Amino acid sequence: MRKMEKYNPKEIEAKWQRKWEQEKTYEAKNKGKKWYSLFEFPYPSGAGLHTGHIRSNTAMDIISRKRRMEGYEVLYPIGWDAFGLPTENYAIKTGISPQQATEENLKTFKRQLKSLGFSFDWSREVNTTDPAYYKWTQWIFLKFFEHGLAYKHKTQINWCPSCKIGLANEEVVAGKCERCGAEVVKKEKEQWMLKITAYADKLLAGLDELDFLPEIKLQQKNWIGRSEGAEIDFPVKDREEKIKVFTTRPDTLFGATYMVLAPEHPLLMNHELGIGNYDEVQEYIKNARGKTEIERTSDGREKTGVELKGVKAINPVNLEEIPIFIADYVLTGYGTGAIMAVPAHDERDFEFAKKFGLEIREVISGGKEGECFSGEGELVSSGEFTGMGSRDAGEKITKSFGQEKVQYKLRDWVFSRQRYWGEPIPLVFCERCAERIKNQESRIKNEGEKQNPGWIAVPDDELPVELPKVENYQPRDDGESPLASIEEWVNVSCPKCKAPAKRETDTMPNWAGSSWYFLRYIDPKNDEELASKKLMKHWLPVDWYNGGVEHVTLHLLYSRFWNQFLYDIKVVPVSEPYKKRTKHGMILAEGGVKMSKSKGNVVNPDPIVEEFGADSLRLYEMFMGPFDQALVWDRRGIFGTARFLERAWRAGSEYVKEDESKELTGTLHKLIKKVGEDIEGMNFNTAISSMMVYMNQCLEEKGVAKSSWMKFLQLLHPFAPHIASELYEMVGGKDIDFQPWPEYDKKLLVEESFELVVQINGKTRGTISAERGLDQKAAQELVRENDIGKKWIVGEVKKVIFVENRLINFIV
RNA sequence: GCUGAGGUGGAGGAAUUGGUAGACUCGCCAGCCUUAGGAGCUGGUGCCUUUAAAAGCGUGCGGGUUCGAGUCCCGCCCUCAGCACCA
């Protein structure tokens, strides 16, 4: 054994990282018993890596390293989700190209990640902004198009009239442009949409068999928001028009005493309708446009609305005339953009009706006087349906006055961005083909070309449509992407008929590249397919995917959607991409606020690695608290894990002997069980605290047997791989990365004695040391002989509660 | 507002799932050591009364079930995350 000097993380971490790189220790071979670990690949921002990034990486590194020790061939890849707004905004500000900025950011991220000793397979690195990658993002989009799942649709975007740019919701702060402070307006824009709603049921059903955390499943389920109900037409009095509503409670139709339209409802554009207070209505519509959906639906504020004067609707069930309102708490995006209001049985309608003095008519019994009752019950004052139950009546009323309808909260995905830094949408618009397609619709095979006349797919062999270099990243005055100004790029000849045509100048959202990256890791250099079928069959599905809570709805749903679609068109072999999904909590800056470059509170791991080493940092990241919870960064916390490793170093240098105490062996076997189970349950914090307990005991006893010590190092290795490798080598071990994961001996887990808790009337009065397996009679005697019993058992014992190997409770 | 998660010492948190609340770590206090450092070692540290022994109180608030509740039930309050063009 070598006589050791002080623990020097800098030296040993460099040594092992060099070795792993040279020996390609973690490159995944495409054979054997596979395991695929995945975490959400980072966006390489200009601020560099922060301590929050490392959490997910470390957790999945621990799992990946454990799996290798369990004999799996592990794929643990890394890549970059590099398209996005911040880089583009940086380009607009500085003139530095997004390509160049990304390259520089990547360099920093790579150096930082490498310094932490993650067992990534660096040979499979992917980058969403690499044309060789986004060629396939474009290819997948064209498949959606070809199958009729991409369509043009008019939507509203946030528009800053001063910057002349479309804004993301995030860039709109309190209705104003984040950068210049100007009032943001809504602007109509034709955009590409992806029909994710066509997959709503599949996305819902797919969840059943997946091992996702229950709250993640629930979030996805609620986001999809399937509800069954009815569509019912309300005629407008003395006119042809009808107002269609969706309701989940057709049983309350008799209680509908007014209607409410969303401010965007198409009926309101009809000048012939005879709205008496047209100007007032228009004013209200204008105001509503300035508000976000969250503002509009917040219950905190007073309900607002305007009655349409001179227009009435007819309740089809009793032919009563009822007033029509517009109010911004009704949204266009959900249902039909109009509701029948049943104030007696809907909270929000109730509030609105009280404010406007509208009739509140009870039609379901069970409510209290003067309150709204939204439960189900027996119908009252409902004509022939009176006396029926809600369910039964709902079905019958639907049959007579409407039709059944399934409604989702989920909306189609707006897929266009008027920005430069994204994948170009690989379509061209050809006037001549537009005419041609309208005339011979039946003969067009490509559904996208049929549904969107004039839009022609760029042929596969011309992919990728590369982002051209531009001089100026400033958007144009008309709101189009800077790409629209590059005439030689925009003007092409139609791939179908060779007539002059124009490229689509919108780009894809950042979500596009991240919706399928896990497929590309499998076969990152393939030029013929997005990945080889054989390799996908080998590696899919991803066995364990961890990511942030904030991605549990959008990204996770989008990528499941893409994968399900690719499965349906027989490109990928499994319908669900992720077998298991967990989440990590965010790390907050000191003071409990989000880390952000603008606040200047981003904690950079570099100086921490420099001073304490990667192993101490990794341990602290995992030790801080429960993995799925948001935690506040505390720089002093690192002292604790650094001291722990120093103690381990001392134990390894001084106390490794031939023998050890029976107690220490027992602690080790409990530790093996605990660490193994805690890793699987992502309870990394308690795994580490148990290792600390073990280490404290080793130091107290000043002696640990070599065989035990080596097992301990194997347990430590996934968490702190550098020091574990070094200490393992110090005692003559080799290849700790691939040693079998230690097993525990059940017999060594149970101790011979335990502390019997003595309670009197449920209050703990003391403990008595006793042998395991002690029965109630013996325990009772033991207590009576003991001082505790003598002191506290006074009077008659009415009852004794006994829990084996734990406690005895006397009721006196 | 809707959806999801949470609330335990000075701080981060632990608690075999209904059985000794506060493991482990930070911090703090006292002592030792020292070539004075944010190193190491020993002991202490929930609150309150107390020299001590001992007792009482204690897991956001109010109620309930139970021999026994941080854990289960009912009602309330507060914090964080997401809300569809941030990633």
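No hydrogens, no waters, no symmetry mates; every other heavy atom, side chains included, goes into these values. Keep in mind it's a predicted model, so treat the numbers as computed, not measured. Note on naming: letters A, B, ... go to the chains in the order of the sequence lines (proteins, then strands), and numbering restarts at 1 for each one.
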- Message: Checking one value: the base orientation of B/G9, syn if chi is within 90 degrees of 0, otherwise anti.
- Response: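 Nucleotide B/G9 adopts syn.
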- Syn or anti: how is B/U17 classified when any glycosidic angle within 90° of 0 counts as syn?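 Syn, since the glycosidic angle lies within 90° of 0.
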Using ring centroids (six-membered ring only for Trp), state whether [Y] and [X] fall under 6.0 Å.
X        : Y        : result
A/Phe39  : A/Tyr545 : no
A/Trp516 : A/Tyr133 : yes
A/Tyr620 : A/Trp633 : yes
A/Trp413 : A/Tyr558 : yes
A/Phe83  : A/Tyr43  : no
A/Tyr694 : A/Phe712 : yes

- Item | Heavy-atom protein contacts under 4.0 Å, nucleotides 81-87 of chain B, coded B base, S sugar-phosphate only, - none | -SBBBBB
- Return the nearest nucleotide to the side chain of A/Val803; candidates are B/A55, B/U20, B/G19.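 In terms of side-chain proximity for A/Val803, the closest of B/A55, B/U20, B/G19 is B/G19.
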Between [M] and [N] - [atom1] atom distance, rounded Å:
N     : M     : atom1 : answer
B/G7  : B/A54 : P     : 34 Å
B/G6  : B/G10 : P     : 24 Å
B/G19 : B/A69 : P     : 11 Å
B/G44 : B/G22 : P     : 15 Å
B/G70 : B/U16 : P     : 13 Å
B/C72 : B/C32 : P     : 49 Å
B/G63 : B/A53 : P     : 34 Å
B/G38 : B/C29 : P     : 13 Å

Can a salt bridge be assigned to the pair [X] and [Y] using a cut-off of 4.0 Å between side-chain N and carboxylate O?
X        : Y        : value
A/Arg636 : A/Asp634 : yes
A/Arg417 : A/Glu423 : no
A/Glu171 : A/Arg179 : yes
A/Glu480 : A/Lys189 : yes
A/Glu264 : A/Lys154 : no
A/Glu804 : A/Arg772 : no
A/Lys583 : A/Glu550 : no

Tell me: [atom1] of [X] to [atom2] of [N], nearest whole Å?
X        : N     : atom1 : atom2 : value
A/Met622 : B/U25 : CE    : C1'   : 16 Å
A/Ile638 : B/C26 : CD1   : C1'   : 12 Å
A/Leu619 : B/U25 : CG    : C1'   : 12 Å
A/Lys217 : B/U3  : NZ    : C1'   : 18 Å

Using nucleotides 65-69 of chain B, report all nitrogen or oxygen pairs with the protein that are shorter than 3.5 Å.
residue, atom, partner, partner atom, Å
B/C67, O2, A/Asn809, ND2, 2.2

- Query: What pairs with A/Arg765 under salt bridge (charged side-chain N to carboxylate O under 4.0 Å, His left out), at least two apart in sequence or on another chain?
  - Reply: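 By the salt bridge (charged side-chain N to carboxylate O under 4.0 Å, His left out) rule, A/Arg765 matches no residue at all.
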Restricting both atoms to N or O, compile the protein contacts to nucleotides 9-14 of chain B shorter than 3.5 Å, with distance only.
residue, atom, partner, partner atom, Å
B/G12, O2', A/Met624, O, 2.5
B/G13, OP1, A/Gln629, NE2, 3.1
B/A14, OP1, A/Asn685, ND2, 3.1

Can you give me the N/O atom pairs linking the protein to nucleotides 37-43 of chain B at distances under 3.5 Å, or say none if there are none?
residue, atom, partner, partner atom, Å
B/G38, N2, A/Arg635, NH2, 3.3
B/A39, OP1, A/Arg643, NH2, 3.3
B/C41, OP1, A/Arg650, NH2, 3.0

- Query: In terms of heavy-atom contacts, does NZ of A/Lys186 have more than 12 from other residues, nucleotides or ligands at under 6.0 Å?
  - Reply: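 Yes, because the 6.0 Å sphere around NZ of A/Lys186 holds more than 12 heavy atoms from other groups.
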- Counting heavy atoms not belonging to A/Gln156, are there more than 12 under 6.0 Å from its CD?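 Counting neighbours around CD of A/Gln156, more than 12 heavy atoms of other residues, nucleotides or ligands fall under 6.0 Å, so yes.
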- Identify all stems in which RNA chain B takes part, counting only runs of at least 3 consecutive pairs (Watson-Crick or G-U wobble, each distance under 3.5 Å), and give each as one range with another, ordered by first number.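 The stems are B:1-7 with B:77-83, B:10-12 with B:24-26, B:27-32 with B:40-45, B:60-64 with B:72-76.
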- Message: Looking at every non-hydrogen atom in both residues, tell me the closest pair between A/Glu646 and A/Tyr7 and how far apart they are.
- Response: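 Result for this residue pair: CG-CD2, 3.9 Å.
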- Hey, which of these two, A/Thr641 or A/Lys583, hits RNA chain B nearer its 5' end, going by closest nucleotide?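 Its nucleotide being nearer the 5' end, the pick is A/Lys583.
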- Message: By the 4.0 Å heavy-atom rule, please label A/Asn696 as base, sugar-phosphate, or nothing.
- Response: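 Contact class for A/Asn696: sugar-phosphate only.
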